2 protein chains.
Amino acid sequence: MTEAVDTRGRLLDTALGLYAEHGVEGTSLQKIADALGVTKAAVYYYFKTKDEIAHAVIEPGLRDLRAAVTAAEAQRRHGARVDTMLDGLADVIIRHRTLVRLFNGDPGLQRIVEASVREYGGVAERMIAVLVGPEPTPEARVAAFVAALGMSGTGGAPEVADLDDDQLRTALLDAGSRAVGRPRRR
Amino acid sequence: MTEAVDTRGRLLDTALGLYAEHGVEGTSLQKIADALGVTKAAVYYYFKTKDEIAHAVIEPGLRDLRAAVTAAEAQRRHGARVDTMLDGLADVIIRHRTLVRLFNGDPGLQRIVEASVREYGGVAERMIAVLVGPEPTPEARVAAFVAALGMSGTGGAPEVADLDDDQLRTALLDAGSRAVGRPRRR
DNA sequence: GTCTATAGGTAGATAGAC
DNA sequence: GTCTATCTACCTATAGAC
């Protein structure tokens, strides 16, 4: 614990907020520096390049999602794999509301994610594979995408920002489960 | 019908492709001009500003979506309103695969859309209102967003680009209908 | 209808003072 | 750890030739 404020952490928070507003490619280092109240040169003290900032912004969300996918893959039966996956996805969405929306939508952020294949490791593809299950029909693939993209997009939408974490988590899980054809009992 | 190629139309197609790759704010006039094989000045012959291009790119999709929402609102019973809305949304998604994905995800494009409120007219809000119905519980609101954003995001996803229009349309409609709790009969 | 040329500004990135 | 100053490259946009 240092006495100084955590400038690096504040920088990442600031960058995420600006990404949500202007997209990654629309967010200049100047904008980040201005919003943070420092100069561009100060930003370069923490990160060597612009891409490195975006990379650091998405890292925590990517870590949590990878853990959720791994937990789902560990289940033996298909039904349990799907349930565990959607449950873990809902948790990740709640913990990273803004980030997950950009992850699905902003082309600039997607470019960053795909460029760093090492850490990425195809986590989205693994998630879809779990949701699709052993019979990869077109219908099953589309249903998996609708559930995953619908839950992610909704979790980051400003229109549901008024819901508290528990309400949103439960409602996302219900809708996503129905989309893949596994409605939850009440 | 002119002998000359439709440069203005090619320009809009080119811009949409670049938007999908780099986002609206990451797409410069230079990139558009280069991809088109002309100079920036030629681009300015057709459009006075950068925003005007983005505006023209989204206009056809916005028109079709508005028509679909209006048709749904004209139905008397809630069930018919939802069915008509999802059916119309699926059609719009099929006709504008790339655009609809950006519409939901790219912050730069959303800024353009919201800036032109006249043509916009809150069509997204009207669509959600139709899907939510007379009882706007948090669960119903979330389900409406999951269906709409899930269908839109999936329709523009490169992973389903191999499906033909009819296959994708039917699968999107099935998954979206289940998400809002109105599963279709087969 | 497309071009060259250029204005005026901002981008990412670096060097070196404090 | 943050600053000033600066580089080169690119940006949007305009003026005017052909």
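Note that this is a predicted model, so its numbers are computed, not measured. Quick note on labels: first sequence line is chain A, next is B, and so on, each numbered from 1.
Following rounding to the nearest Å, B/Y45 (OH) and D/dG16 (C1') show an atom-to-atom distance of 15 Å. Spacing between atom CG of B/L11 and atom C1' of C/dG1 amounts to 13 Å, rounded to whole angstrom units. When the P atom of D/dT14 is taken as reference, atom NZ of B/K50 falls 15 Å away, rounded to whole Å. Taking atom CD on A/Q30 and atom P on C/dT10, their separation rounds to 9 Å, with Å as the unit. Rounded to whole angstrom, the span from the OH atom of B/Y44 across to the P atom of C/dA7 amounts to 17 Å. The separation between B/Y46 atom OH and D/dT12 atom P is 19 Å, rounded to whole Å. Regarding A/R10, its CZ atom lies at a distance of 13 Å from the P atom of D/dG1, rounded to whole Å. Atom-to-atom, CG of B/D6 to C1' of C/dG1 comes out at 13 Å; the value is rounded to the nearest Å.
Between B/T7 and the phosphate of C/dT2, there is a side-chain N or O to OP1/OP2 separation shorter than 4.0 Å.
Looking at residues 16-27 of chain A, you'll see that no heavy atom sits under 4.0 Å from any atom of DNA chain D. For the contact set between residues 31-43 of chain B and DNA chain C, defined by any heavy atom under 4.0 Å, the members are B/V38, B/T39, B/A41, B/A42.
With sequence neighbours left out, A/D165 forms a salt bridge (Lys or Arg N to Asp or Glu O under 4.0 Å) with A/R97. For the salt bridge (Lys or Arg N to Asp or Glu O under 4.0 Å) test, no residue two or more places apart in sequence or in another chain qualifies with A/E59. A/R126 meets the side-chain hydrogen bond (donor to acceptor under 3.5 Å, both in side chains) test with A/T70, A/E73; sequence neighbours excluded.
Judged by distance alone, with hydrogens and angles left aside, the side-chain atoms of A/K31 form no donor-acceptor pair with the main-chain N or O of A/A15 at under 3.5 Å. One N or O on the side chain of B/T154 and one on the backbone of A/V146 form a donor-acceptor pair closer than 3.5 Å. Side-chain N or O atoms of A/Q167 include none that pairs as donor or acceptor with a backbone N or O of A/L163 at under 3.5 Å.
The end-to-end axis angle of the helix from C/dG1-D/dC18 to C/dC18-D/dG1, rounded to 10 degrees and based on five pairs per end, is 10°.
Ion pairing of B/R169 with B/D174 is absent here, as no side-chain N (NZ or NE/NH1/NH2) approaches a carboxylate O to less than 4.0 Å. A salt bridge links B/D162 with A/R141: the distance from a Lys NZ or Arg NE/NH1/NH2 to an Asp or Glu carboxylate oxygen falls below 4.0 Å. Ion pair A/R111/A/E25 flagged as a salt bridge, since at least one NZ, NE, NH1 or NH2 atom sits closer than 4.0 Å to an Asp/Glu carboxylate oxygen. Taking a cutoff of 4.0 Å between a charged side-chain nitrogen and a carboxylate oxygen, B/R77 and B/D83 do not qualify as a salt bridge.
Atom CG of B/D164 and atom CD1 of B/I94 lie 9.0 Å apart (nearest 0.5 Å).
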